[in-house]
2 protein chains.
Amino acid sequence: MKSPQVAFSEYLANENLKMTPQRRLILETMLKQGDHVSSEELYARVKKKDPSIGQATVYRTLKLLSDSGLVEPLDFADGVTRYEPSYGKEHHDHLICEKCGKNIEILDAIIEHRQEAIAKEHGFTLNSHKMYLYGICSDCRKE
Amino acid sequence: MKSPQVAFSEYLANENLKMTPQRRLILETMLKQGDHVSSEELYARVKKKDPSIGQATVYRTLKLLSDSGLVEPLDFADGVTRYEPSYGKEHHDHLICEKCGKNIEILDAIIEHRQEAIAKEHGFTLNSHKMYLYGICSDCRKE
DNA sequence: GTCGTTTTGACATTGAATTTCGTTGATACC
DNA sequence: GGTATCAACGAAATTCAATGTCAAAACGAC
């Protein structure tokens, strides 16, 4: 499988866009960071490596990464959009503790299968889905 | 079953809040409107009946209705929060056409059951969930 | 090098949602 | 009735994430 960097370069070339040091740095930082970063958080992190970078560039690049399928926007209903690297990773959904924010990645074959079936029943071809489960984790329940 | 109006009054009384003509009007309008209204749309609708009403009141009342469980906030990822009456209605999720915006309400016992099971496996008590399926409907696929 | 295009960073702007604040209005108590 | 209390109101200001604007800089093609 191609590296994310190569995949991104190819996507950019395909759209007549260019790979730049800023875009490279943002992608690197995103991959290293891993999971569930907001644009603001990523901006702070990127700025440590290159203080001259602007946050508009971070927003713009995240949009590109999102369009190219390398990262996926998440919506935990706390007002900010978060992102996670999705390239080469299996799809998964999220189980979130409403108290401490703990975030568990879940994947369930039965549900995935039913989703396809439901879409088909209604004549839809399914492109994607979002599923978030909200509850209280065992740690928080103890208190 | 209690009427929504009564249920709302009781909720307000319980929180040491009061039923007011504005809150009553907003609830009425919400119930009559039915499905998937944004705060702005609801504000416009309410304003026709009572032009003196302010949109802060609509936001505030929607929050109250949401907290009381009478309406449910929806997130179709288009930047605005929409609401639908949920009191006395069975829970359901949404199947959305990405092209024409068609919105089908779905309910699947298998999925609901699995969601509970998954939460339990991870030690969570499930409070709520959101599931959105995105695809293309048969009408749009023909074109 | 020069031209044309894209990208960038600083800054301004948008737009949904919330907060502030002075006023209004209802309720309770005398 | 009078008035003190306190929530609720409307208008306007404010917040904050996200996007748009624009001149300058970087890059590639020639």
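Clustering of Ile, Leu, Val, Met, Phe, Trp and Tyr by side-chain heavy atoms under 4.5 Å joins Ile110(A) with Ile110(B).
Evaluation of the salt bridge (charged side-chain N to carboxylate O under 4.0 Å, His left out) test over residues 1-18 of chain A, restricted to residues two or more places apart or in two chains, returns Lys2(A)-Glu10(A).
For His92(A), the ring-ring contact (aromatic ring centres under 6.0 Å, His included) partners are His94(A), not counting sequence neighbours. Take Tyr134(B) and apply the ring-ring contact (aromatic ring centres under 6.0 Å, His included) test, not counting sequence neighbours, and it matches no residue. Evaluation of the side-chain contact (heavy atoms from CB on, under 4.5 Å) rule for Lys120(A) yields no partner, not counting sequence neighbours. In terms of the ring-ring contact (aromatic ring centres under 6.0 Å, His included) criterion, Tyr11(A) has no residue partners (sequence neighbours excluded). Listed by chain and number, the residues in a ring-ring contact (aromatic ring centres under 6.0 Å, His included) with His91(B) are His129(B) (sequence neighbours excluded).
Place Tyr83(A) and Ala56(B) on DNA chain D by their nearest nucleotides, and Ala56(B) ends up nearer the 5' end.
Atom-to-atom, CG of Leu65(B) to P of dA8(D) comes out at 13 Å; the value is rounded to the nearest Å. In this structure, the CZ atom of Phe8(A) is 10 Å from the P atom of dT7(C), given to the nearest Å. When rounded to the nearest whole Å, the span between CD of Gln55(B) and P of dC9(D) equals 15 Å.
Dashed line: the shortest gap from a side-chain N or O of Thr57(A) to OP1 or OP2 of dG9(C) is under 4.0 Å. Residue Tyr59(B) places none of its side-chain N or O atoms closer than 4.0 Å to OP1 or OP2 of dT18(C). Within the 4.0 Å cut-off from OP1 or OP2 of dA16(C), not a single side-chain nitrogen or oxygen of Ser38(B) is found.
Atoms CZ and CZ, on Phe124(B) and Arg141(A) in that order, are 9.0 Å from each other to the nearest 0.5 Å.
Checked by distance alone, Arg60(A) brings a side-chain donor or acceptor within 3.5 Å of a matching partner on the base of dG9(C).
Listed by residue number, the members of residues 12-33 of chain A with any heavy atom below 4.0 angstrom from DNA chain C are Leu17(A), Lys18(A), Thr20(A), Gln22(A), Arg23(A). A heavy atom closer than 4.0 Å to some atom of DNA chain D occurs in Ser52(B), Ile53(B), these being the qualifying members of residues 39-53 of chain B.
The pair Glu41(A)-Arg82(A) meets the salt-bridge criterion, with a side-chain N (NZ, NE, NH1 or NH2) lying under 4.0 Å from an Asp/Glu carboxylate O.
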Using distance only, find each side-chain donor-acceptor pair of residues 55-74 of chain A under 3.5 Å and give its atom names and separation, not counting sequence neighbours.
residue: Thr61(A); atom: OG1; partner: Thr57(A); partner atom: O; Å: 2.7
residue: Ser68(A); atom: OG; partner: Leu64(A); partner atom: O; Å: 3.3
residue: Ser68(A); atom: OG; partner: Leu65(A); partner atom: O; Å: 2.9

Output a table of donor-acceptor pairs, distance under 3.5 Å, between side-chain atoms of residues 24-34 of chain B and any protein atom two or more places apart or on a different chain; print 'none' if there are none.
residue: Glu28(B); atom: OE2; partner: Gln5(B); partner atom: NE2; Å: 2.9
residue: Thr29(B); atom: OG1; partner: Leu25(B); partner atom: O; Å: 2.7
residue: Gln33(B); atom: OE1; partner: Arg45(B); partner atom: NE; Å: 3.0
residue: Gln33(B); atom: OE1; partner: Arg45(B); partner atom: NH1; Å: 3.1
residue: Gln33(B); atom: OE1; partner: Arg45(B); partner atom: NH2; Å: 3.4

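Rounded to 10 degrees, the angle between the two end axes of the helix from dG1(C)-dC30(D) to dC30(C)-dG1(D) is 20°, with five pairs used at each end.
In this structure, of dT18(C), dG9(C), dA18(D), it is dT18(C) that holds the atom nearest to the side chain of Lys63(B).
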